[in-house]
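Because the structure is a prediction, the values reported are computed rather than measured. What's counted below: heavy atoms across the whole structure, side chains too, no hydrogens, waters or symmetry copies.
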Amino acid sequence: NSLIVNALLHRDMTRSLYDLEDRLRDAGYRWPLLVTHASGGTARVAKTVAAETLHSGPAAAVLGAWQVAKLIDAPYVIAADMGGTSLDVAFSSAEQPPWNPRPSLDDVQLAIPMLGVESIGAGGGSIARVDGSGAVTVGPDSAGADPGPACYAKGGQDPTVTDADLVLGYIGPGQALAGRLALDIQLAKQAIQQRIAGPATESIEAASLRIRDTVDREMATAIQRGIQDRGLDPADVTLLGFGGAGPLHAAAMAALVGVKRVVAFPFGSVFSAYGSSTTNVTHLYRRTHGIPTNDQDLEQSVDSAAQAMRETAIVDMRGEGFTADQLEFRGMLELRSSGRAELVPFATPQEIAPEVERTTAMFGAKAGSVELEASWLISTAAVAHWVPGVAEQAPAHRPPADAQRQIIWAAGQGPVATDTYQLESLKPGAIVQGPAVVDAADTGYVVPVGWLLTIDKHGFLVMEASSDD
């Protein structure tokens, strides 16, 4: 599968990237063009295989989430990237990001490692419908960017999550997307009336609430499943909400699954770009073993393979412009049992046996029944990164609201005059009590009733639920 996918993509992709590199050089750019890989690193075009770039945007966001987890001292984070067409979810500890050696894209399994991301069809552009029973469904199809939601006034006729958010007031009716695209609330209402409210004989506002509630519950279900699969306590997890629609829905998703802390970002709509900026030049190497983990030559086999891969990596990285003393090496064991696979890091051969024992117990397998399918070597050369700044310690303060607007928060409640704030007016130490909305040019940050938003020292927007919420 991987060979076929690469054969379809590689020629056109590399031709375009080499052309881009030439144009950058003509414009005075003096460094090599680095391409982000879905495994979480970057490499020059000449060292990039097209299939390695599949899903690299969402994967870069996972890497950004991992860096944020370390920055804010969160032991475990859920990255919830809600864009226009989908919600991409990843679970990461602060120790290492999730890694999948055998990912599947559109039900096609690939032998190319990627950072682990799960996607569902729930984004701002996801289309809402009423089914035969009168229930609202959302997605998985999307209006995309063109024509986009009905409120874009580009010809879209289908109601979307963004249309519902606009009608309910979470998005300001006079707001221009990215400062350029004015949103038309009347077109949003018209689409919801024709496709949802009319057939269901309910008000436009009630239909909009059902759209929002449906998509929030679908996203929460995916997150809840991941929490349970990993044996996590929701109260110990921090949800990172980003993407153009993520901060509008993050606190609602968190509340549905019992997560008490949400962190959003002033650069959330370009969070994947931030993630890409945190990458280092990285090459991956794999050697197949196919031996049981109780094989007496296991450690020697892994060590021999690591030495051979290390020699290859030094040569390859020399071509990237790095010397051997600039490289960092990490080892991974690819262990498999009854169809389950796990990637286990190790630093020295002496760590192999304890890690095998731990993984065998995690699989619930008998000693020796777990197979070492392969060993990996990850070779990394560090490059300069942008790091979020740290503001001087500012006292906690509650700034006055910039404005108010009518927002519908719950069924049967009616519009509520709600404080709104402009993101650029909030400084570190600022505290905003929900219900409230913080408006920005590219998104909005919704603070529900019972939640408190604080701007931390990095400029991140930290939302926390009250203990009795």
Side-chain angles (χ1 to χ4, degrees), residues 1-3 5-6 37-41 43 49 51-56 59 62-63 66 90-93 95-105 107-118 226 229-230 280 282-313 316 327-380:
N1 292 342
S2 302
L3 289 173
V5 169
N6 197 62
H37 293 186
S39 58
V49 175
E52 294 173 340
T53 67
L54 290 171
H55 226 46
S56 57
V62 177
L63 199 65
W66 175 53
F91 296 79
S92 178
S93 70
E95 296 177 357
Q96 71 173 51
W99 218 50
N100 187 351
R102 290 289 185 273
S104 292
L105 292 180
D107 296 324
V108 176
Q109 190 174 62
L110 302 175
I112 295 173
M114 296 182 181
L115 292 177
V117 181
E118 304 167 23
D229 289 347
R230 291 162 178 82
N280 291 308
T282 303
H283 290 181
L284 275 62
Y285 304 88
R286 183 180 187 270
R287 290 293 184 273
T288 301
H289 295 273
I291 58 176
T293 51
N294 62 351
D295 190 299
Q296 62 180 2
D297 296 324
L298 180 71
E299 291 184 11
Q300 181 180 348
S301 178
V302 172
D303 190 48
S304 297
Q307 291 297 329
M309 290 188 285
R310 184 186 181 102
E311 292 173 7
T312 302
D316 288 346
L327 306 182
E328 177 183 319
F329 298 97
R330 290 183 292 133
M332 302 277 279
L333 303 176
E334 185 179 335
L335 303 178
R336 188 173 295 272
S337 176
S338 301
R340 290 182 61 189
E342 185 77 12
L343 283 169
V344 179
F346 72 96
T348 65
Q350 290 72 34
E351 293 182 6
I352 293 175
E355 289 297 338
V356 166
E357 183 177 348
R358 182 189 64 80
T359 306
T360 300
M362 184 190 69
F363 282 153
K366 296 180 180 180
S369 65
V370 176
E371 181 180 78
L372 173 64
E373 182 163 312
S375 60
W376 292 79
L377 183 75
I378 304 171
S379 173
T380 302

Exercise for review: Could you tell me whether the side chain of Val370 reaches within less than 4.5 Å of the side chain of Val356, counting heavy atoms only?
Suggested key: no
Review point. Just wondering, are more than 12 heavy atoms of other shown residues or ligands nearer than 6.0 Å to CZ in Arg358?
Key: yes
Review point. Given side chains that start at C-beta, do those of Pro345 and Arg330 come closer than 4.5 Å, heavy atoms only?
Key: no
Review point. Is there a side-chain contact between Leu333 and Trp376, using heavy atoms and a 4.5 Å cut-off?
Key: no
Point to revise | Inter- and intrachain pairs under salt bridge (charged side-chain N to carboxylate O under 4.0 Å, His left out), touching residues 282-294, at least two apart | key: Arg286-Glu334, Arg286-Glu373
Study note, to complete from the structure: Closest non-hydrogen atoms of Val62 and Ala90, given as atom of the first, atom of the second and distance, are CG2-CB, 3.4 Å
Exercise for review: Could you pull out all residues at least two apart from Thr312 that satisfy side chain to side chain donor-acceptor pair (under 3.5 Å)?
Suggested key: none
Revision key, fill the gap. Of all heavy-atom pairs linking Leu284 and Pro113, the shortest is CD2-CG, 3.4 Å
Practice item. For residues Val344 and Phe346, determine if any side-chain heavy atom of one lies less than 4.5 Å from a side-chain heavy atom of the other. Key: no
Practice item. Evaluate the side-chain proximity of Arg230 to Phe91: yes if any heavy-atom separation is below 4.5 Å, no if none is. Key: yes
Point to revise | Leu372 to Thr293 - nearest heavy-atom pair and separation | key: N-CG2, 3.8 Å
Check your understanding: Would you say Thr282's side chain and Asn280's backbone share a donor-acceptor pair under 3.5 angstrom?
Key -> yes
Point to revise | Ile291 vs Glu371 side-chain heavy atoms within contact, under 4.5 Å | key: no
**Study point:** N/O donor-acceptor pair under 3.5 Å between Glu311 side chain and Ala308 backbone
**Key:** no
Exercise for review: Find the distance between OG (Ser56) and CG (Leu63) and round it off to the nearest 0.5 Å.
Suggested key: 12.0 Å
Review point. What pairs with Gln350 under side chain to side chain donor-acceptor pair (under 3.5 Å), at least two apart in sequence or on another chain?
Key: Thr348
Exercise for review: Find the distance between CZ (Arg336) and OG1 (Thr359) and round it off to the nearest 0.5 Å.
Suggested key: 13.0 Å
Exercise for review: Identify the heavy atoms of Ala38 and Ala59 that sit nearest to each other, and give their distance.
Suggested key: O-CB, 3.3 Å
Review point. Any side-chain heavy atom of Tyr285 within less than 4.5 Å of one from Asp316?
Key: yes
Exercise for review: Find out whether Leu54 and Met114 are in side-chain contact, i.e. whether some heavy atom of one side chain is under 4.5 Å from a heavy atom of the other.
Suggested key: yes
Point to revise | Rounded distance [0.5 Å steps], CD1 in Ile352 versus CD in Gln300 | key: 11.0 Å
Revision key, fill the gap. Output for pair (His283 NE2, Leu377 CG), nearest 0.5 Å, gives 12.0 Å
Review point. CG of Leu343 to CE of Met332: how many Å apart, nearest 0.5 Å?
Key: 4.5 Å
Review point. Should Val49 and Glu52 be marked as a side-chain contact (heavy atoms from CB on, under 4.5 Å) after you check the CA-CA gap, both sets of side-chain angles, and the distance that decides it?
Key: CA-CA 5 Å; Val49 175; Glu52 294 173 340; 3.7 Å; yes
Check your understanding: Taking all atoms of both residues into account, what is the closest heavy-atom pair of Val5 and Ala51, and its distance?
Key -> CG1-CB, 4.3 Å
Practice item. Give a yes-or-no answer on whether the side chains of His289 and Ser301 include a donor-acceptor pair shorter than 3.5 Å. Key: yes
Exercise for review: Of all the heavy-atom pairs spanning Ser379 and Phe329, show the shortest one and how long it is.
Suggested key: OG-CE2, 3.7 Å
Point to revise | Any donor-acceptor N/O pair, Asp295 side chain to Asp297 backbone, under 3.5 Å | key: yes
